[in-house]
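What you see below is based on every heavy atom in this structure, not just the backbone, and it leaves out hydrogens, waters and symmetry mates. By convention in this document, chain letters (A, B, ...) are assigned in the order of the sequence lines, proteins followed by strands, and residues within each chain are numbered from 1.
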Amino acid sequence: MSRKMEGYDGNSAAAHVAHATNEVIAIYPITPSSPMGEISDEKTARGEKNIWGTIPSITEMQSEGGASGAVHGALATGALTTTFTASQGLLLMIPNMYKIAGELTPTVFHVTARSLAVQALSIFGDHSDVMACRQTGFAMICSASVQEVMDFALIAQQATLASRVPFLHYFDGFRTSHEVQKIEELTYDDMRAMIDDELVIAHRNRALSPDHPNMGGTAQNPDVYFQGRETVNRFYMDTPAIVQETMDKFAKIVGRQYHLFDYVGAPDAEKVVIVSGSGAETVHETVEYMTRNGEKVGVLKVRLFRPFSVKDFVGALPATVKKIAVLDRTKEPGSIGEPLYQDAVTAIEEAFSEGIAPFSSRPVIVGGRFGLGSKEFTPAMAKAVFDNLNAAKPLNHFTIGINDDVTKTSLAFDPSFTTADENVYRAMFYGLGSDGTVGANKNSIKIIGDETDNYAQGYFVYDSKKAGSVTVSHLRFGKNPIRSPYLIDQANFIACHNPSFVEKYDMLKNMEVGGTFLLTTPHGADEVWDTLPQEVQQQIIDKQVKFYVIDAISLGHKLGLGARINMIMQSAFFNLTGILPQEQAIAAIKYAIKKSYGKYGDKVVEMNNAAADIALTKTFEVKYPNAVTSKIKKPPMVSDNAPQFVKDVTAEIMAGRGDDIPVSKMPIDGRYPLSTTQFEKRNIAVDIPVWNPEICVQCGRCSLLCPHATIRMKAYDESQLAKAPATFKSADGKAKLKGNKVTIQIAPEDCTGCGLCVQNCPVNVKDPETKEPTGVHAINMATQEPLRETERENWEFFLSLPETDPSLYNRQTVAGSQMLPALFEFSGACAGCGETPYVKLVSQLFGDRAVIANATGCSSIYGGNLPTTPYCQRGDGRGPVWSNSLFEDNAEFGMGFRLTIDKFREMALELLGKAVEAKVVSGDLAEAIKNADQSTQEGIEEQRARVASLKDALKGECSVCKQLASVADYLVAKSVWIFGGDGWAYDIGYGGLDHVLASGKNVNMLVLDTEVYSNTGGQMSKSTPRASTAKFAAGGKATRKKDLAMMAINYGSVYVANVSLADPAHLVKALVEAEAYNGPSIIIAYAHCIAHGIDNTFGIEEQKKAVACGHWPLFRYNPNLADKGENPLKIDSKEPTISFEEYAYGENRYRVLKKIDPDAAKRLMALAEQDTKKRWKLYKQLSELSVDGECVSKD
Amino acid sequence: MADISTSYMGILFKSPVIVGACSISHKIDNIKKAEEAGAGAIVIHSLFQEQIEYERLELDEELSLGADIYAESLTYLPHMEHSGAREHVMWVEQARKEVSFPMIGSLNATSVGEWVGYAKLLEDAGCDALELNLYSVETHPEVTCTDIESRSLEVVADVKSVVKIPVAVKLSPFYTSTAHFVSKVVEAGADGVVLFNRFYQPNIDPEKEALDIRLDLSRPEDNRLPLRWIAILSGIIDTDFVAGTGVYGGLDVVRQILAGARATQSVSALLSHGIAHVAVMNEELEAWMERKGYKSIEEFRGKLSKEGVSGKGFPETTEGDPRAFERAQYISALLQHK
């Protein structure tokens, strides 16, 4: 049977089998498993059938808990059902996993094993999640490579049907799920040959059916529950043999033989490492290297972890083994050891007890942890694990890959140790996110995979920032299958696809001596040398690098390819590396071009062919001197005045040396200092805004709308300008600011260059002759580089100016709010983000007293993703506190804040009374504190002064003093904020959100509504509007958007506002009212997003259209008005002036459906138009009712 | 009253005035107006191979906006394929529901492959006939005229093999041997030939130093080119001819029919004077026929074709000389002009 060799990553390999062998799929997106669901959804949307000829149904649920419930239900009624998940998502499935296993229901859950959120969230890989499921009764089978993922997905599917035990099939998140490998694709015939249809029918026959009724889910009492629990034993006892038989059957059909435990190494090994997952591949590679050098070592790869077969386990180990190291990719604090270690110890002990141990004496067994959160695990580390076994008493419970200088668990390793095969070509590519570098490299893998008998591997490392981010591609090619599930540390070839990276990243760190460096640059071969920093020149000289340049960006423009330089660079790569003979390479590239681009027509093919050709003649070698000649030095990572923590930790992470930070430098409980984004001068903007004070009207819109807090306003006395830098700009204050100077200053090195400010400046100078707008605003974009130095100086000076005197402005206005310091700055959000202006505004208005709970999602990533923290403090040190618990529990987490704050205030008041009684505090002060009016900022500041006096009075040693001092700050009002996206608010967190709304507690929820799961890559939420496409709504969302506001209004006791950046004045008003409302409030904020398929620069235009068509009406529902006899609902936007369609078709998310499925687009758009009209009408009617229900319409 | 109906590729048209493929058919209302004005048929605006290819590229770029930036969101929209001609076909289906006069689908395809399938879709959508537009500007120096012609003939044959409705081919005037190629097109199965296409030829604006991409409308005097070729070919190649350039008034229709055309296509005239101008053209045609005593189109069709001129034994005069359509007369015309 012939099979194709194809490029797959782990997720697509799993989805290939899962979609083909199931009938129902219920999912919920979570990184890194989301692509499995997305691929399945796309297959279904395209009409791909499973091996029985039906198209599997795909259903997105509201959470993983919901998905597992739906899976349980579908299984119980007989469908072959699967799901995909990871991390916290898997934990949410645990209750149903017990049920599914307890009822002996065959299924396979495919899991990209990922870290759990503990001291911090990590989206990366380890086995913490799957190991938390080992008690559920699911069988657990682990794939170590992409090929195994496809193979084991099929083996597990048959084994579960044969054994009736459900399977958890897992593989390492990112390292395997996202690694591209050239593998042998299983065919539908393979799958049909593997799956026994009789078992499928048997599963169906066991279904709950009213045609042959029985019941499940009974409640059992002490008399029988225990016996019932033991009925499953024989199924678990039989499962290992069934899995082995299935593996044998697979070997007969496909040719690859697997075992429950696969041993690799010396037959007479004395030292063996036991490990599962991709780490097993690293150890395998290391063992092959060590055994070639005569060492008696081996590795036991654990495939079937549950049920654990002691017989097969000991049978697979060589009898000669004397020392064993068991590696776990998880951590169980407080346990004797991690799970695989404990099982190995127990298994060997039991084997001796049972007399089946093949060993002459009891081997020494130690356990250790590795690879948590995708920490690199390299052959050097694997070697260190073997070396540890050389010791008379090897270190037990060790760690490898880190420097634990606190509890001394870590093994030392020699980073220079390598198993790198000289027959494997290793290449690294530095690209700017979304510039096509990753796609081109995937294409190169395909070319090499298709055109040669080489094996290929690709792995891609992404930035922690979403703006100006770098992607690093790691590619390996070789004649033999490539294991190496770790990053390249000695590259034969490094390409830099963006000239600005030379100063920012230490790209040549991983260059081997004599390697090739290809730089795209506008500088020619004879002039480029002195444009490089000294450090880079030194590396080139030291490593005798073959250095080439190509002006790919100019060439791309000339060829009509614009910024798409990937084909030029790809061709240059093949040309320089000689992986293929030049003629063959160019023919292969052109064949790939025809295949990839043929559907776009001959012209596109020709342009790309020209790009492939031009690289051959326009790549030039640089002849460089044997001495550093540059005058440029790489700038320091952070300024000298940065705090020590920033220097020791933050800067090291920024420099790419985070792996070297020892345990002792890390916060013990995940608490990090704030205000650190200010030290990360990323200089990613090509153009920055430049203020024109002559024509500025000082409205504050640019500052309010700036998503990155890089535009600030201050008013100050003219005398402050005495020491101003020469280029510092100011204007005479207008209106209330008259008599003062005003400056709008840009932070040049923090700006992302999104241009949103310029787009929304209300000043647009008219041509004196034509009277037409010229596009010249009071703020205009200009190239950053020539402005960088002067504007940096101006920014520093601006920061040194005193904050604006609060008596000069009204903080409840747009301009006034922008005089307040932004306590959220320079986040890593996408350039032009539609969420961050809201967050920043809340930080300005209430940041001095804000306690923020943040649901997992975009806002938690740009709010809290290391290395730096964007929340910061005002001059007196006060500022927002922020934390992220989980995705699903955010409303409850925030309500917990409120409960504490209320309780502490209550305790403080109680203690205040006692302090008065004890004559520690004066009665007058206590009364003033108790009766303080804190409804205004002035009132709050006055109360702070009183509390400061109180605390002065409490400096004594009395018990009441100490108690009261510890809670006295709660006598000052705190503002509880609950931030999250629509995935949280509408879906996974809705139950909690609803409960908190009903609680009456004084919390403020800000829903940053992008109408889609933005952070995980655009999956549909219940906020997604009808007619929009999204992942899991590839054919267009068929149902209308959930009206969360109306649901909240329904309580009658919740302040509700629908707001948009389209109307900043309304936004400020709503935020102030919401915060002032003594009860729950919810503000639903329209957030434009790159996931909408728009250029964020024009995000506010989209917001305006959303409001203008009635899709996003602006309104406020204030229950306090009802108490006054007024209608609490105020519609603040005008009657729709444009159609929904006119708004929607400005965004790709709607427009693409016309191209993908125009019939659906037409039908859904008509319905969406109706949705908008009906909703507007409903709100309008409600706003016109009197409080006793009579219509008060003026019409 | 004169009967202005005609038959083209076996389909009966109430009038020889056809609304040619252009932006007029972008609106259903316009199509209705054309029917009300008495047009014999309408050619629905072309489905361009290039347009679909471009939309595919555009779609894939739209779907990959923001890709490969952040590990959790490597893409934002599902990977789906362009539906090809579906959006256009939907339009045709909608138009079909609104009007009952003949509708001709237009397909601009320069290579074989899936485009052939689109012809079938247009047939299924309710088109009464198809017009294959072979317009393309080949710029590659290695591509020969034989390559181009063979490719075109392959498209014609392939399309004919998948549809039952008649297929006309609309040609450009720039073939080395127009007569030969027309005969080959007919051999390949074409049921009719439309002469000629108007080329989109960008100009240069010297002031702006930029390309001027406005589409120039034809002028009434542009009718000479189709007039000559229809006159030459209508008698010698057994197919139905339609004239398609410079047909502004009823007398222009008359001219082309006298040369041998079965119908004419108007675009520029209707863009200039409005769709209702069709009625004027019909009236002018009718008036001329009545004045001349013709009761039907067939009574005078081809009367002044090359064959018609010679077949009726007209004396070899300048007025009736069949060579008037050939090179000798061309020289004579030049001499006269002098």
Side-chain angles (χ1 to χ4, degrees), chain A residues 31-32 34-35 38 41-42 45-46 123-124 174 178 431 433-439 460-466 469 471 597 599-604 606 830 861 1012 1014-1018 1029-1035 1089-1094 1148-1149 1151-1152 1154-1159 1162, chain B residues 28 47-94 108-115 121 125 136-143 147-148 151:
Chain A
T31 306
S34 305
E38 292 159 14
D41 186 46
E42 287 160 13
R46 284 196 298 265
I123 59 169
F124 296 101
F174 280 108
H178 284 59
S434 215
D435 71 350
T437 301
V438 171
F460 308 94
V461 178
Y462 301 93
D463 210 319
S464 63
K465 309 283 182 189
K466 298 188 183 189
S469 52
T471 60
Y597 300 117
K599 62 180 178 177
Y600 305 141
D602 293 342
K603 286 190 177 60
V604 175
E606 282 163 19
C830 298
I861 294 299
V1012 74
S1014 298
N1015 192 55
T1016 49
T1029 48
K1031 289 172 183 168
F1032 305 124
C1089 178
I1090 192 165
H1092 296 174
I1094 59 163
N1148 288 349
R1149 58 175 168 157
R1151 200 169 45 228
V1152 294
K1154 282 175 78 177
K1155 305 297 173 204
I1156 293 166
D1157 186 348
D1159 297 85
K1162 189 177 172 191
Chain B
I28 296 287
L47 173 62
F48 284 91
Q49 177 174 341
E50 279 176 318
Q51 173 196 342
I52 301 289
E53 287 169 344
Y54 175 74
E55 282 184 7
R56 279 207 175 112
L57 177 63
E58 192 182 53
L59 174 70
D60 286 354
E61 290 194 342
E62 286 173 346
L63 292 179
S64 60
L65 186 73
D68 296 322
I69 289 177
Y70 184 65
E72 292 205 75
S73 44
L74 296 175
T75 57
Y76 286 103
L77 287 165
H79 293 288
M80 296 297 288
E81 290 295 323
H82 191 281
S83 63
R86 182 59 201 150
E87 196 176 3
H88 182 85
V89 169
M90 271 175 68
W91 177 254
V92 176
E93 286 170 350
Q94 195 186 341
N108 182 308
T110 54
S111 60
V112 293
E114 65 183 303
W115 311 105
L121 294 177
S136 74
V137 180
E138 183 56 68
T139 54
H140 203 293
E142 285 175 19
V143 177
D147 294 339
I148 297 169
R151 201 166 60 199

Under a 4.5 Å heavy-atom cut-off, does chain B meet the side chain of [X], its backbone, both or neither?
{"X": "I1156(A)", "value": "both"}
{"X": "T1029(A)", "value": "both"}
{"X": "S464(A)", "value": "backbone"}
{"X": "R1149(A)", "value": "both"}
{"X": "A1030(A)", "value": "backbone"}
{"X": "I861(A)", "value": "side chain"}
{"X": "Y597(A)", "value": "neither"}
{"X": "H178(A)", "value": "side chain"}

Would you indicate whether the side-chain heavy atoms of [Y] and [X] approach each other to under 4.5 Å?
{"X": "V143(B)", "Y": "I148(B)", "value": "yes"}
{"X": "D68(B)", "Y": "Y462(A)", "value": "yes"}
{"X": "Y76(B)", "Y": "N1148(A)", "value": "no"}

What residue in E55(B), E81(B), H82(B) has the most heavy-atom pairs under 4.5 Å with chain A?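 Ranked by contacts with chain A, first place is H82(B).
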Name the member of E87(B), E58(B), Q49(B) that forms the most heavy-atom pairs with chain A at distances under 4.5 Å.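 Answer, by heavy-atom pair count under 4.5 Å with chain A: E87(B).
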Tell me, out of [options], who's got the most heavy-atom pairs with chain B below 4.5 Å.
{"options": "E606(A), K599(A), H1092(A)", "answer": "K599(A)"}
{"options": "S434(A), G1018(A), G433(A)", "answer": "S434(A)"}
{"options": "S1014(A), C830(A), P35(A)", "answer": "S1014(A)"}

Counting only N and O atoms by type, is there a donor-acceptor contact under 3.5 Å from the side chain of [X] to the main-chain atoms of [Y]?
{"X": "E72(B)", "Y": "T31(A)", "value": "no"}
{"X": "N108(B)", "Y": "F48(B)", "value": "no"}
{"X": "S73(B)", "Y": "T1016(A)", "value": "no"}
{"X": "K466(A)", "Y": "Y70(B)", "value": "no"}

Short N-O contact, E50(B) and K603(A), less than 4.0 angstrom: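 Looking at E50(B) and K603(A), the cut-off is met.
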Under 4.0 Å between a Lys/Arg side-chain N and an Asp/Glu carboxylate O for D1159(A) and R86(B)?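 Salt bridge: yes.
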Pick one of side chain, backbone, both or neither for Q94(B), based on which atoms fall under 4.5 Å of a heavy atom in chain A.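 The side chain, not the backbone.
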Below 4.5 Å from any heavy atom of chain A, which atoms of L77(B) appear? Answer side chain, backbone, both or neither.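 Both parts, backbone and side chain.
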Starting from the C-alpha separation in whole Å, work towards a yes-or-no answer on side chain to side chain contact (heavy atoms under 4.5 Å, CB included) for Y54(B) and V604(A). CA-CA 9 Å; Y54(B) 175 74; V604(A) 175; over 6 Å; no
